[in-house]
2 protein chains.
Amino acid sequence: MSDTKQIMKHSKQRDAIFSFLMTRKDHPTAETIYTCLKEENPNLSLGTVYRNLTLLTDIGQIRRLRLSDGADHFDADTSPHDHFLCMRCNAVMDVHMNKPVRKTPYKIQDFSGEVEGSFTYYYGTCEHCLKEMCS
Amino acid sequence: MSDTKQIMKHSKQRDAIFSFLMTRKDHPTAETIYTCLKEENPNLSLGTVYRNLTLLTDIGQIRRLRLSDGADHFDADTSPHDHFLCMRCNAVMDVHMNKPVRKTPYKIQDFSGEVEGSFTYYYGTCEHCLKEMCS
DNA sequence: ATCAAAATCAGGAATGGTTACTATTTTATT
DNA sequence: AATAAAATAGTAACCATTCCTGATTTTGAT
């Protein structure tokens with residue numbers, strides 16, 4: 001309707017959040033990101049972290065992972081991949097499966113809707129915990 | 001350590017919750033279940049609904065679906081199946097895929113942990129919304 | 001049927017993750 | 001430099017869920 005296009009202005013906080021997220025492969029929560037960045041920038045606000053994580057998710061620059069432990073986790077790797085959740089240590093790990101590449105939207109059997117994509121979570125015991133259980 | 005085995009006693013509230021959930025295929029939230037059952041039993045407490053849903057989930061009698069809309073959804077169908085989320089009307093639908101049956105735990109390529117299982121969420125536009133978009 | 005122990009409950013308070021609000025600061029544009 | 005829009009810090013509010021307490025229900029044993 002009306003010209004509601006929103007111009008995204010530069011922000012040091014957002015840069016810091018995204019840069020930090022790119023250095024981590026453990027898919028941290030907003031709280032973790034906030035705690036870590038607060039050390040360098042004591043004025044940082046938790047609300048700013050949440051707002052920017054949502055914003056970055058909306059523009060597709062990061063991915064939000066909704067796991068089973070209450071808080072959302074975030075992933076700077078937006079390439080197609082799935083995740084593995086260790087039931088023992090609660091670690092979240094990347095799983096790059098050789099899924100068939102398909103045009104979207106596509107159809108799936110016995111279902112009449114159009115599929116834009118999917119995300120899969122595997123769960124079990126991670127390599128590290130397997131070793132610990134044997135010792 | 002100590003003998004902490006917990007005997008599960010019968011409960012009318014739990015029965016009502018499970019029975020109600022079996023009649024629904026739309027994967028309601030705790031709040032929805034509470035509101036519906038409250039009509040017949042005005043004394044019902046929301047905490048009781050939450051406690052029993054968690055309990056039923058723990059013993060594997062129902063499944064908890066953690067979707068992207070804040071509240072958990074519950075499914076009385078524990079047979080292996082996945083779910084489709086309509087991005088337009090937020091409906092949650094069952095998707096029965098012919099996935100390969102595999103013993104668990106199993107291994108997946110390029111990953112050293114042991115997998116107990118997986119759950120997949122598809123997203124897109126449901127049949128009903130597709131029709132609406134054309135009219 | 002009576003009784004006691006344990007599980008469950010209702011109701012409400014507390015928790016924890018997240019969002020909303022507001023006055024101020026930063027960013028981008030003229 | 002002046003201006004407008006976007007972003008921020010700090011805090012309050014929100015909402016789903018869990019926890020707590022004293023009362024009630026269930027169950028098994030007498």
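As the structure is a prediction and not an experimental result, all values here were calculated from the model. Sequence lines set the chain letters: A, B, ... in the order given, protein chains first and strands last, and positions in each chain run from 1.
With dA10(C), dA9(D), dT18(C) as the candidates, the nucleotide lying closest to the side chain of Gln13(A) is dA9(D).
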Using a cut-off of 4.0 Å between protein heavy atoms and nucleotide atoms, how would you tag nucleotides 25-30 of chain C 5' to 3' with B, S and -? --BS--
Produce the list of close N/O pairs, under 3.5 Å, pairing protein atoms with atoms of nucleotides 2-4 of chain C; give distances to one decimal.
none

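With sequence neighbours excluded, no residue satisfies salt bridge (Lys or Arg N to Asp or Glu O under 4.0 Å) with Lys12(B). Judged as a salt bridge (Lys or Arg N to Asp or Glu O under 4.0 Å), and not counting sequence neighbours, Asp15(B) has no contacts. When the side-chain contact (heavy atoms from CB on, under 4.5 Å) test is applied to His96(B), the partners found at least two apart in sequence or on another chain are Asp77(B), Ser79(B), His81(B), Asp94(B). Every side-chain contact (heavy atoms from CB on, under 4.5 Å) that Thr120(A) has, sequence neighbours left out, goes to Asp82(A), Lys99(A), Tyr122(A), Ser118(B), Thr120(B). Applying the salt bridge (Lys or Arg N to Asp or Glu O under 4.0 Å) test to Glu31(A) and every residue at least two apart in sequence or in another chain returns nothing.
Within residues 30-47 of chain B, the residues that have a heavy atom under 4.0 Å from DNA chain D are, in order of number, Leu46(B). Using a 4.0 Å cut-off on heavy atoms, the residues of residues 51-65 of chain A that approach DNA chain D are Arg51(A), Asn52(A), listed by number.
Whole-Å rounding puts the Asp72(B) CG to dC15(D) P distance at 17 Å. With rounding to whole Å, Tyr50(B) atom OH is found 13 Å from dC19(D) atom P.
Members clustered with Val92(A): Leu65(A), Leu67(A), Leu85(A), Met87(A), Phe119(A), Tyr121(A), Tyr123(A), Leu65(B), Leu67(B), Leu85(B), Met87(B), Val92(B), Phe119(B), Tyr121(B), Tyr123(B), by chain and number, using a 4.5 Å side-chain heavy-atom cutoff among hydrophobic residues.
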For a quick test of your reading: what N or O donor-acceptor pairs under 3.5 Å do the side chains of residues 100-116 of chain B make, sequence neighbours left out?
| from | atom 1 | to | atom 2 | distance (Å) |
| --- | --- | --- | --- | --- |
| Lys107(B) | NZ | Ser112(B) | O | 3.3 |

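No hydrogens or angles considered: a donor-acceptor pair under 3.5 Å links the side chains of Arg51(B) and Thr48(B).
Pairs of residues two or more places apart, or lying in two chains, that qualify as ring-ring contact (aromatic ring centres under 6.0 Å, His included) and include a residue from residues 22-56 of chain A are His27(A)-His83(A).
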